[in-house]
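One structure, as structure tokens, below. Some questions next.
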Protein chains: 2
Amino acid sequence: MKPSKPNKRQEIQRRERQLLETAGQILLTEGYSELSMERLADELNTAKGTIYNHFPNREEIVLAMAVQAINKRQSLFDAASTAKGGSRMRILAVGVACEIYVRSYPALFLVENLVRHASIWDRCSDARRDLMRNCEHRCMGLVAGVARSAMADGDLELPRGLSPEEMVLSLWALTSGSYLIGATSPSLPEIGIGSVYRSVRIGILHTINGFNWQPIWNLDEHEKRIHETTDSVFPDEPSLPPIEDA
Amino acid sequence: MKPSKPNKRQEIQRRERQLLETAGQILLTEGYSELSMERLADELNTAKGTIYNHFPNREEIVLAMAVQAINKRQSLFDAASTAKGGSRMRILAVGVACEIYVRSYPALFLVENLVRHASIWDRCSDARRDLMRNCEHRCMGLVAGVARSAMADGDLELPRGLSPEEMVLSLWALTSGSYLIGATSPSLPEIGIGSVYRSVRIGILHTINGFNWQPIWNLDEHEKRIHETTDSVFPDEPSLPPIEDA
DNA sequence: ACACAAATTGACGACGCGTCAGAAACACCA
DNA sequence: TGGTGTTTCTGACGCGTCGTCAATTTGTGT
């Protein structure tokens, strides 16, 4: 005997999903300043007070979106860390995951960065901040784990005093820093930068080579493996363009 | 016959300097949300309307601070590009300049990042945005110039299809990305990262080595030259701590 | 059918933004 | 020095958004 009238509880959860959905939509297409509580209430055909039953303020909504975002990122990293072919292939797959993430889920990437700002972060609840921190922690752990396994396999030897996490920070920063600059620096082409994606692929390759992570690949080998990885590890995601066309 | 009563024009300029000064102070110590026009007016003992004679809105004040910031950065890069000892020493000096910048002028670094946000950037005048873009452009040009000279000297050969600017983007992203993560990711230590500065120094070294920029240095040589550079190129700035103590 | 609990509503006070008409300060000249 | 036109300053005001809460509606259990 299933309830013909859907449970109130489910109804509320459904609305919360829809709330985050439309919030993301507004954020991506119209920007942060357009994301007001009034607007959200209108869009969902409820009163403002109802929105406040879900989230205590606007910032917490953004953080909730960021948690979703980093969960998605983590699921991509999870897939990446299953790549066959040794640690070098796995760290490559992580790089591929990042490019897929930025290309296919621009709203998630945007929100992940938004939330770094003190004016948003500071107004959120500890509970949700912990959630975010934990996800971030797990992502880092996943990638650092790849580095650790590389060390265990003898494919990688880190300089004295550098932890795997600190090494991963370089890759993380290079990647997300580049994409961030790409997304926020207007007119990169006229500054001499054709494609941020190409720059990241090559930059990451040389950084990993610079750390002497075995095997060392050249650009063609690297590029070939990127596309192999895309197809085998991320069959459900749209495939990446060749390096020549950005 | 110098005017005993200072010119009104000067008085206004003086106030504008003071305005940016106190705005930076508030931003650094109390955060963006505390930076209100009312607050600034109070702090400067003027009426709100007077502030609006200087800047058309809050965002433009932040952008004006960012322009100051990037000018400071450029002056450090200028000094860096005079370093003796070949292109490898000059690019190292740029790295040193970045670390000095972040350590000694945290308010400037903060503001440079703040302004990347659409909600601020979009509300600013084209005139000042151009100013910002030009400064950024010049900074990039300076560093890319170092790479170009390295290529001319035969110290560096870039992979096919990669411009010097795109290579510099990797260094830029690694550096500013790391510092940004360091400044905004709470509890890095518990995530396994002791010192962002150390991570950046080592990451940059290996990335540059990875691009096969001659001469190749090991960690000790690199570290030694960092401190030489700090003293010879930036004698007026506080010197950098050894890599062991962050 | 009734009573209790939970969720919803929108009017409300507070606050910061940006404006603008009037007041004050200033510069210039006779 | 006094008069006049211009620049600068001022703060009260209108507006929009935030977050609250008492009143109301809706849901649930007996």
Below 4.0 angstrom from OP1 or OP2 of D:dC9, is there any side-chain N or O of B:T46?
no
Could you tell me how far apart B:N53 (CG) and C:dC20 (C1') are, to the nearest whole angstrom?
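Taking atom C1' of C:dC20 as the reference, CG of B:N53 is at 12 Å.
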Whole-Å gap separating P (C:dC17) and CD (B:E34):
11 Å
To the nearest angstrom, how far is B:H54 atom NE2 from C:dT19 atom C1'?
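After rounding, the gap between these two atoms is 17 Å.
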Length of the CD-P vector between B:E11 and C:dC26, whole Å:
9 Å
Which residue pairs satisfy the salt bridge (Lys or Arg N to Asp or Glu O under 4.0 Å) criterion with at least one member in residues 93-109 of chain B, sequence neighbours excluded?
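Of all non-adjacent pairs touching residues 93-109 of chain B, those that pass salt bridge (Lys or Arg N to Asp or Glu O under 4.0 Å) are B:E99-B:R103, B:E99-B:R201.
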Residues passing the side-chain hydrogen bond (donor to acceptor under 3.5 Å, both in side chains) test with A:Y101, sequence neighbours excluded, are A:E112
Side-chain donor-acceptor pairs of residues 60-70 of chain B under 3.5 Å, sequence neighbours excluded:
from  : atom 1 : to     : atom 2 : distance (Å)
B:E60 : OE1    : B:S125 : N      : 2.9
B:E60 : OE2    : B:S125 : OG     : 2.6
B:E60 : OE2    : B:R128 : NH1    : 2.8

Please name all residues satisfying side chain to side chain contact (heavy atoms under 4.5 Å, CB included) with A:S104, sequence neighbours left out, ordered by chain then number.
A:I100, A:E237, A:P238
Roughly how many Å is it from CD1 in B:I51 to P in D:dC9, rounded to a whole number?
10 Å
Going by number, which of residues 13-24 of chain B have a non-hydrogen atom under 4.0 Å from DNA chain D?
B:R15
When you measure from the side chain of A:R198 to the backbone N and O of B:L162, does any donor-acceptor pair fall under 3.5 Å?
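Absent.
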Report the residues that fulfil salt bridge (Lys or Arg N to Asp or Glu O under 4.0 Å) with A:R15, sequence neighbours left out, ordered by chain and then residue number.
none
A:L40 CG to C:dG10 P, straight-line distance once rounded to whole Å:
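Taking CG of A:L40 and P of C:dG10, I get 16 Å after rounding.
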Tell me, for nucleotides 16-23 of chain D in 5' to 3' order, what letter each nucleotide earns: B for a base near a protein heavy atom under 4.0 Å, S for only sugar-phosphate near one, - for neither?
-SBBB---
Partners meeting salt bridge (Lys or Arg N to Asp or Glu O under 4.0 Å) with A:E30 (sequence neighbours left out)
A:R39
Who are the salt bridge (Lys or Arg N to Asp or Glu O under 4.0 Å) partners of B:D130, not counting sequence neighbours?
B:R133
